[in-house]
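Within every chain, numbering begins at 1; the chains are lettered A, B, ... in the order of the sequence lines, protein sequences first and strands thereafter.
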Number of protein chains: 4
Amino acid sequence: MKPRDPQKIDRIHQATLSLVLEIGLAGLTMSKIGKAAKVGMGTIYTYFASKEEIINSLYQSLKRKHAEEIYVNFDETQSFLANFRAIFDIFFQNCYHQAAEYFFLEQCRASPFLSLDSIVLEEAAFARMNALLDEGKAEKVVKNIDNTLLIGYLMGGVQGFLTQLRRTDAELTQAHIDAALALCLDAIKR
Amino acid sequence: MKPRDPQKIDRIHQATLSLVLEIGLAGLTMSKIGKAAKVGMGTIYTYFASKEEIINSLYQSLKRKHAEEIYVNFDETQSFLANFRAIFDIFFQNCYHQAAEYFFLEQCRASPFLSLDSIVLEEAAFARMNALLDEGKAEKVVKNIDNTLLIGYLMGGVQGFLTQLRRTDAELTQAHIDAALALCLDAIKR
Amino acid sequence: MKPRDPQKIDRIHQATLSLVLEIGLAGLTMSKIGKAAKVGMGTIYTYFASKEEIINSLYQSLKRKHAEEIYVNFDETQSFLANFRAIFDIFFQNCYHQAAEYFFLEQCRASPFLSLDSIVLEEAAFARMNALLDEGKAEKVVKNIDNTLLIGYLMGGVQGFLTQLRRTDAELTQAHIDAALALCLDAIKR
Amino acid sequence: MKPRDPQKIDRIHQATLSLVLEIGLAGLTMSKIGKAAKVGMGTIYTYFASKEEIINSLYQSLKRKHAEEIYVNFDETQSFLANFRAIFDIFFQNCYHQAAEYFFLEQCRASPFLSLDSIVLEEAAFARMNALLDEGKAEKVVKNIDNTLLIGYLMGGVQGFLTQLRRTDAELTQAHIDAALALCLDAIKR
DNA sequence: CATGAATGAGACTTCATTCAT
DNA sequence: CATGAATGAAGTCTCATTCAT
């Protein structure tokens, strides 16, 4: 599949994203995607073999994007704390501001559409976070708990925190961010 | 006349639970529910007005059940720590052992099936947990962060932790429980 | 089929009549009939073999009732005109005041529920009307047109007249009755 | 791209017409329509939003067609009698030869499918007939009865006449037409 | 005999995918 | 290659009839 207009892939992805935020993954239909992306319904099949493939490719591309973004301020020469904070900040901000993307991922997580390689993908993103946590453990500032579990706990915690924050319709303030960081840091502190 | 059999409501709920664990909420169909519950498809409509109603009534009944179970070992005469631990233990165990129930709730959370009163229900369960956290704040052992956010963080954390634990196919050990409790306690500790 | 409580047959017939007026023959269901007749849905099957049978038996009973009623003021010793007027009056009044019955018959007329013997029944009612028209023809006051066609024309005419009258929401006055009679009499007058 | 085929609307309408004549409005199903129109069942929904819409759009289009056809030989320069006869002839012929269309309308008339705007439509068709009757009244050849009622009577009469004619399986002859016209003319004659 | 819960065939409608233009 | 009309399998829900109480 070598389509001419790679920009259409983006349009289809973006349409999918907005639609899922609006009507849920279960409400997503091909014709709605086509209309939202301003692309003929049949054209979609030039770029994607099926509805499943749209979802999985978007899922994977978001996962990869997030994995990269998170490390954007990562600096190996900096301290554990500085790097943890750098990662935390971006993750927190992204979860909050790119809610549509996180919502999409959340919807997919438990859906029957997700293919195996999408599920497996998960781990890859954590490589540097793993290393950082190992560093923390070596410095005796991080609890000696399996990294995977630590990461799961931290991400779940932040997302649960933000889920409630959104539910209260409160504005996001620096105090919120500080609070969440404090929770995360104290949690893993040895 | 054959009396309206209240046990069938349970059978339908149970069937729904197993099916969602197996095939996801999106894969759920009325005829599958009927077959799994050993009930004619039409019979379901004697007890529930629609598929949506099955999902919402199960959602609410699970929410209520979980809300009660969590406080089963709660004892107002005990210390903050003892009660926190009591609640934590049951929540952790339930998340782990009644995974189907938690998975169902998770699937619903972002689904277009959930009605407003199901979404609103959420809060009720947290009354005693709220009081407990207030107590902890009064004793200056809990951070001064909005209870709702604290609870969101803790629940999200535990569930993220267990999600990863399940992914690794590791057996649940006391060490895991201790680790998770330590994360939670240290997180909220002032 | 020798049911104990013949009054239930009436209740079922009456319920059917009201329901059809309200929701149309197509909206008629067995459970609605049961509820309206205050009779268990299953009980209906003690008195009628099927929904079709309810409709057909009611259809036939109404047909017979109407056929009898129409001649209630018929008096063989009276003149053609007196008898025609007697018949006309009752037919007109019935069409107007027992609209539910006529509406039911109209709904049935073209329905797939009507059995052959119900359709055939039609003719029976016209025996005396036939004789009356023959008398009129002998007296040279009635056009020499096939009786069946004459009767069809007259009944259709009156019903069309009343359909429009009802549509205008006008009250029924003696003037209306006189007008309709004049139309009918002049129509058939030789 | 295959253009939206306006001829399919006709095929669907025609199929509906034949089917209702054959199996009644109550026996009409979407899959039967599809099969009869040689169109995939789903295709129907490209042209009509629902079964109800098929029925209503056909109903309205027939109403409009009949309203136009009836006046095809109408000529304002002609006498009342000539125009009445012209209208009568076509109405009579149509009722007889396009029985399926009239049968469909009759079935709809009392059905729960008919929408409000379909019901309202009725009146429009009678504008010129109204004027003609007024002319007749001015010429003192038509009874002084409300036009709506007159029209209802005449149409009902003709249809009742033809209903019986069809029932007898007799061939339509000029004598029948003359007879019916005589009935109608004498009826309204002052 | 009375009841209404139980049943499943079949109704309407949606939608992923194909195909004619 | 782009398009959206066409398709029919499959989904939700209804309802005439049966059956257990």
Side-chain angles (χ1 to χ4, degrees), chain A residues 1-5 8 26-35 38-54 113, chain B residues 1-6 8 26-35 37-54, chain C residues 1-5 8 26-35 38-55 113, chain D residues 1-6 8 26-35 37-54 113:
Chain A
M1 187 183 62
K2 265 167 198 151
R4 259 250 270 293
D5 183 356
K8 277 208 183 87
L28 189 71
T29 70
M30 291 302 266
S31 85
K32 280 178 187 162
I33 294 176
K35 229 158 273 172
K38 300 193 176 178
V39 156
M41 202 191 353
T43 309
I44 301 175
Y45 285 86
T46 310
Y47 297 93
F48 300 95
S50 67
K51 187 184 171 187
E52 230 182 59
E53 207 191 282
I54 300 177
F113 300 115
Chain B
M1 182 196 64
K2 194 186 288 178
R4 224 155 171 286
D5 179 357
K8 266 194 193 98
L28 190 69
T29 71
M30 291 304 266
S31 79
K32 278 177 189 162
I33 294 176
K35 228 158 276 172
K38 299 196 174 176
V39 154
M41 200 196 357
T43 306
I44 302 175
Y45 288 87
T46 309
Y47 296 92
F48 301 94
S50 67
K51 188 182 166 187
E52 219 182 312
E53 207 190 281
I54 300 178
Chain C
M1 187 184 60
K2 268 166 196 150
R4 259 249 271 297
D5 184 356
K8 278 211 180 86
L28 189 69
T29 70
M30 290 302 266
S31 84
K32 280 177 187 162
I33 294 176
K35 230 159 274 175
K38 300 195 177 175
V39 155
M41 201 193 350
T43 308
I44 301 175
Y45 285 86
T46 309
Y47 297 92
F48 300 94
S50 68
K51 188 183 168 188
E52 229 182 60
E53 208 192 282
I54 300 176
I55 293 170
F113 301 115
Chain D
M1 181 194 66
K2 193 185 291 180
R4 222 153 172 290
D5 179 354
K8 268 196 190 97
L28 189 69
T29 72
M30 291 304 268
S31 79
K32 278 177 188 162
I33 294 176
K35 227 158 277 175
K38 298 196 178 177
V39 152
M41 200 197 351
T43 306
I44 301 174
Y45 287 87
T46 307
Y47 297 92
F48 300 95
S50 66
K51 187 183 168 187
E52 218 183 313
E53 208 191 280
I54 300 177
F113 299 115

Margin query: Run the salt bridge (Lys or Arg N to Asp or Glu O under 4.0 Å) test against A/Lys8 and tell me which residues pass, sequence neighbours left out.
Written below: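 Once residues adjacent in sequence are excluded, the partners of A/Lys8 under the salt bridge (Lys or Arg N to Asp or Glu O under 4.0 Å) criterion are A/Asp5.
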Margin query: Suppose we screen for side chain to side chain contact (heavy atoms under 4.5 Å, CB included). Which residues come up paired with A/Met30, at least two apart in sequence or across chains?
Written below: A/Ile33, A/Met41, A/Ile44, A/Tyr45, A/Lys51, A/Ile54
Checklist line | Contacts of C/Lys32 that satisfy side chain to side chain contact (heavy atoms under 4.5 Å, CB included) - sequence neighbours left out | finding: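 Testing C/Lys32 for side chain to side chain contact (heavy atoms under 4.5 Å, CB included), a comparison that skips the adjacent residues, returns C/Leu19, C/Ile23, C/Thr29.
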Item checked: Secondary-structure stems, DNA chain F, at least 3 Watson-Crick or G-U base pairs under 3.5 Å ->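 Consecutive-pair runs (3 or more) involving DNA chain F: E:2-21 with F:2-21.
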Checklist line | By ring-ring contact (aromatic ring centres under 6.0 Å, His included) - contacts of D/Phe48 (at least two apart) | finding: D/His13
Next item on the list: Select base, sugar-phosphate, or nothing to describe what D/Tyr47 touches, counting heavy atoms under 4.0 Å on all strands.
Entry: sugar-phosphate
Can you check the [X] [atom1] to [N] [atom2] distance for me, whole Å?
| X | N | atom1 | atom2 | value |
| --- | --- | --- | --- | --- |
| C/Lys38 | E/dG4 | NZ | P | 13 Å |
| C/Ile44 | F/dC19 | CD1 | P | 17 Å |
| C/Phe48 | F/dT18 | CZ | P | 16 Å |
| D/Ile33 | E/dA11 | CD1 | P | 12 Å |
| B/Arg4 | F/dT21 | CZ | C1' | 16 Å |

Margin query: Can you give me the closest heavy-atom contact between B/Ala49 and B/Glu53, atom names plus distance?
Written below: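 B/Ala49 and B/Glu53 have their closest heavy atoms at CB-OE1, 3.2 Å.
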Note to self: Of the listed nucleotides (F/dT3, F/dA6, E/dT7), which one gets closest to any side-chain atom of A/Lys8?
What the structure shows: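 Of all the options, the side chain of A/Lys8 is nearest to F/dT3.
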Next item on the list: Starting at the 5' end of nucleotides 10-17 of chain F, put B wherever the base has a protein heavy atom under 4.0 Å, S where only the sugar-phosphate does, and a dash everywhere else.
Entry: -SSBBSSB
